[in-house]
Amino acid sequence: MFTNFVTRLEPVPYRSLVITLLTWGSLAHAAVGSVAGELTDPQGKPVAGANLRLTSGRNSKPLESVSDAAGRFVFSSLAEGTYQLSATAAEFADVKKTFLVGDGEAVTVNLQFARLGPRSDTITVTADVTQVDVLAPDPTMKVFASEDLLDANPGRPGAPISIPGYPIETASSGIKAPQYFAPGVAGDHGEPIAQFVQVGTYLVPNNLSANAHGNGYADPNIYIASVIESVEVDGGAFNVREGNHALNLATTYALRSHLDPFFSLTGDQRDITGTAGFSPSDHSWIALEASYGNGFLDRLEHRKQFKVNGGQVFHAGNHTLTLFGIGYYGFSYVAGLSPINGFNSVDAADGWKQYPDTVDPRQKDQTHTALLAMNDVWKLGENQELQLSGFFRTYNLSLFSDFGDGLIRQSEFRTVAGGSAAYKRKFSKKFTLFAGTDYEREAPRRDDLDHYNFYNPAQPYSYGQFTKIDGNNVTISPVSPYIAGEGELSPYFHYYLGFRREEISIDNQDLVTPANSSNALVGLNLPKATLTFFPKESWWVPEVAVSFGKSYFTEDPRTGSAVGQQIGPVDPVETATSYQMVASKRIHNTDLKLTFGHETQSAEYGKIDPDTGLQFDLGPGRIRYMAATLRQNFSFGSLQATYEQADARDLDSGQVTPEAPRLIGDFSWTDQKLPFHLVAKGEFEYVGRKVVGNGCNEANPGDLTSYCLGVPNKEFRLSIARPFRNGKMKVGVNLMIARGYTGQTVENFALDYKPSYVGPLPVPENPIAEIVGVRIPSYASVNFTYRFGR
């Protein structure tokens with residue numbers, strides 16, 4: 001058979017055979033190069049599903065690929081020559097890089113998107129279970145802010161961006177800082193919810209421990225919305241980078257790296273806001289904002305706000321230095337909390353009156369702060385870097401409120417300083433090391449609580465007699481070394497193991513009652529772990545991530561001495577143990593995500609009663625929650641629906657934890673290709689009726705077994721914009737239709753009060769509990785934006 005085959009071969013000329021063999025050999029020898037790398041977003045997180053295109057100058061057919069779950073890509077069998085690699089993704093502006101591949105060379109090329117695309121979707125979630133790394137091991141949700149659409153509450157105080165499934169509430173009005181709420185979390189003063197601003201790779205904390213108004217208070221109102229590129233949300237307890245206050249939730253604001261010159265004016269019949277921004281260079285930007293307004297409540301705010309945000313990035317050799325600064329001043333009158341259903345007959349007979357939207361028109365708020373932060377990323381090699389960071393902040397608060405026992409003033413001035421050193425090295429796909437140390441020193445001074453008289457309509461501008469309740473100098477200084485490792489256990493499993501040690505010094509100097517002064521040194525061990533399962537795309541099973549973590553926040557060390565009362569020493573910290581499971585699956589371009597969580601907390605004494613200056617004893621608690629998210633992205637926009645259910649209880653009494661949301665529903669959509677070149681974003685948010693306290697039995701005020709139930713909140717927000725002149729001009733309309741009350745809680749209104757009462761604070765006898773809140777107004781505003789340059 002072999003002989004027959006040979007005899008059938010046609011004769012081949014010797015010279016042609018030699019040329020053919022040499023050509024095959026040359027091609028075989030040249031086509032052994034390769035290029036591999038990693039694609040990341042502006043914050044250094046992997047970008048999955050991006051399209052990559054590799055072209056050469058040989059007029060050959062371009063090679064195409066898609067980045068995997070970790071943002072990685074590979075092109076093999078490349079001939080020697082010059083190549084251009086480009087990456088495209090729906091949310092970002094395209095990025096390109098040109099490089100040379102030598103004969104038989106394996107080249108590493110990493111690409112990073114520098115900024116969002118000009119038409120990026122306002123609700124585009126890119127960080128899911130499949131995008132975990134050593135800096136972000138916990139499955140997260142990232143919301144991108146588009147320059148084309150304004151977000152919730154445009155031109156008004158509040159959080160600069162809406163996060164689906166996490167309602168924004170404030171227990172007042174005016175400039176008073178809002179807080180994010182998570183299912184089952186009673187975090188109206190920020191204790192278990194951490195906030196950060198990302199400067200380079202550094203997470204700068206925004207929480208203010210032992211704040212005059214609330215322990216852990218955080219103010220997102222200091223940011224100008226135009227400079228926010230995205231906000232990322234994770235579980236808080238599972239990342240060694242996130243320390244104090246990161247129990248139930250951590251939100252991280254990421255900044256833009258460039259601002260096209262613009263001017264924006266937003267206004268309505270009561271408010272006006274002007275915003276401007278520009279980039280002096282390719283790697284710097286500055287934004288300014290000024291606003292004045294009276295709000296939409298009957299109590300006019302006379303609000304004045306001034307903000308400046310700026311940043312710059314320097315590149316020097318292997319160093320990337322990022323600077324960020326904030327300046328903020330705000331003043332306004334605030335309506336404050338007032339009875340949702342009006343005063344009952346007992347209160348009315350005792351002299352209490354409800355003026356439009358307020359119980360005391362003297363309530364007001366004044367805040368100013370300044371922040372400067374720095375981050376240096378020093379590339380020590382292709383797979384290792386050193387991160388050196390620091391920040392300094394000043395903060396002042398003077399808040400006048402009336403919670404039922406007369407007007408009070410909560411005030412403080414503090415300085416905050418911190419620093420961080422971290423080392424990151426990727427040894428292989430199976431192991432990446434991340435280790436470092438954080439240091440922070442919070443020093444609130446004259447952390448005061450003072451009492452004034454009840455409101456007297458005959459003397460509307462009189463504050464009456466002054467009574468000091470609390471006055472403290474507090475210093476909280478945690479030193480926090482940490483270490484973490486992550487990598488692939490197999491093609492289907494990814495691990496993360498971390499450990500954070502806290503050495504916390506808490507010094508409390510009581511200026512009113514020196515005997516209550518204290519000093520404590522606390523040590524905590526906080527392990528973290530996440531195991532992630534990545535099935536093949538062809539499998540019908542979901543990606544699953546299971547996480548475990550311990551976390552903490554520092555209690556407010558003030559013990560108070562109101563009306564002769566005293567309490568003993570309190571626990572200096574609250575600790576928590578958390579478990580979480582996240583499962584997600586993409587089916588025909590539809591993303592499904594389920595989250596289940598369980599958390600237990602130690603006793604909490606850190607909430608200061610605004611009237612007495614004493615801590616609330618909340619006892620140990622437990623939270624169980626679940627969340628379901630369905631998301632569909634289209635070429636013209638997106639749809640997202642979120643449903644969350646939670647149960648939070650005191651483990652000692654079994655009672656429901658007051659003020660914790662039990663039911664949250666959210667539906668949001670964007671459309672960037674409406675008729676007449678319109679773009680739009682809409683969101684409907686529902687927060688179900690929740691328990692807000694105990695003792696709302698008018699017939700028996702001392703009955704603490706009866707729950708006080710609030711009212712549900714419903715908000716529909718809509719933003720519509722129309723660009724003109726190729727996007728140089730934009731006109732928009734923003735509106736919110738709302739029903740409900742924000743900041744719902746229970747306050748005890750003192751009896752035996754008459755409008756003519758003067759003198760020190762009386763000891764209330766059998767005070768009446770009322771369900772109170774701040775009415776959420778509906779409004780509409782218009783916006784005009786002009787962009788300079790090309």
Side-chain angles (χ1 to χ4, degrees), residues 42 88-95 113-126 143-156 160-162 223-231 254-268 271-279 282 285-291 309 632-640 668-683 716-736 779-790:
T88 60
E91 302 84 11
F92 304 102
D94 294 354
V95 61
F113 289 114
R115 54 188 299 194
L116 292 180
R119 308 288 294 176
S120 91
D121 194 346
T122 305
I123 297 294
T124 301
V125 183
T126 62
V143 180
F144 287 100
S146 170
E147 294 179 349
D148 294 328
L149 291 175
L150 292 174
D151 212 274
N153 307 314
R156 299 178 51 75
I161 187 170
S162 174
Y223 308 118
I224 297 175
S226 303
V227 310
I228 301 298
E229 181 176 81
S230 66
V231 59
L255 308 171
R256 299 186 186 274
S257 58
H258 183 86
L259 284 178
D260 292 328
F262 76 95
F263 173 75
S264 178
L265 198 64
T266 303
D268 51 62
D271 306 271
I272 187 79
T273 298
T275 307
F278 66 99
S279 287
D282 290 339
W285 56 268
I286 188 169
L288 305 166
E289 184 173 285
S291 67
N309 292 181
Q632 177 75 56
N633 288 322
F634 306 96
S635 60
F636 55 85
S638 66
L639 296 173
Q640 177 163 314
S668 59
W669 61 272
T670 60
D671 195 323
Q672 310 222 22
K673 295 183 179 180
L674 290 172
F676 308 108
H677 303 285
L678 294 173
V679 293
K681 173 199 169 184
E683 182 176 4
F716 173 70
R717 294 186 284 267
L718 178 65
S719 176
I720 302 177
R722 170 63 159 88
F724 296 91
R725 299 183 60 188
N726 295 323
K728 290 180 67 68
M729 295 174 53
K730 184 196 68 176
V731 177
V733 176
N734 311 277
L735 61 87
M736 181 169 76
Y779 69 87
S781 61
V782 295
N783 169 265
F784 170 80
T785 300
Y786 185 83
R787 299 190 181 279
F788 301 91
R790 293 186 300 174

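The chain is numbered in sequence order, starting from 1.
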Q: Indicate the ring-plane relationship of Tyr786 and Phe784, choosing parallel, tilted or perpendicular according to the 30° and 60° boundaries.
A: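 Judged by the thresholds at 30° and 60°, the geometry between Tyr786 and Phe784 is parallel.
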Q: Roughly how far, to the nearest 0.5 Å, is NE2 of His258 from CD of Glu229?
A: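 So the CD of Glu229 and the NE2 of His258 are separated by 12.5 Å.
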Q: Roughly how far, to the nearest 0.5 Å, is CD of Glu289 from CG of Asn309?
A: 8.5 Å
Q: Which pair of non-hydrogen atoms, one from Asp268 and one from Ala780, has the smallest distance, and what is that distance?
A: CB-O, 3.3 Å
Q: Once rounded to the nearest 0.5 Å, what's the spacing between atom CG of Leu288 and atom OG1 of Thr275?
A: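 Output value for this atom pair is 9.0 Å.
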Q: Enter the distance from Tyr779:OH to Leu735:CG here, rounded to the nearest 0.5 Å.
A: 8.0 Å
Q: If we only count heavy atoms from C-beta on, is the Val227 to Leu259 side-chain gap below 4.5 Å?
A: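 A side-chain contact exists here, since the closest heavy-atom pair is under 4.5 Å.
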Q: With a 4.5 Å heavy-atom cut-off, do Phe262 and Arg787 have their side chains touching?
A: yes
Q: Give the minimum heavy-atom separation between Arg256 and Ser226, together with the two atoms involved.
A: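 Reported closest heavy-atom pair: NE-O, 3.1 Å.
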Q: Shortest non-hydrogen contact from Ala287 to Ile224?
A: O-CD1, 3.4 Å
Q: Going by heavy atoms in the side chains, are Asn783 and Ser264 under 4.5 Å from each other?
A: yes
Q: Taking all heavy atoms of Leu678 and all of Arg722, pick out the closest pair and write down the distance.
A: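 The pair with the smallest heavy-atom distance is CD2-CB, 3.5 Å.
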Q: Is it true that a side-chain atom of Ser279 and a backbone atom of Asp260 form a donor plus acceptor pair closer than 3.5 Å?
A: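 Pair absent, no side-chain N/O of Ser279 close to backbone of Asp260.
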Q: Would you call Lys681 and Thr670 a side-chain contact if the rule is heavy atoms closer than 4.5 Å?
A: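 A side-chain contact exists here, since the closest heavy-atom pair is under 4.5 Å.
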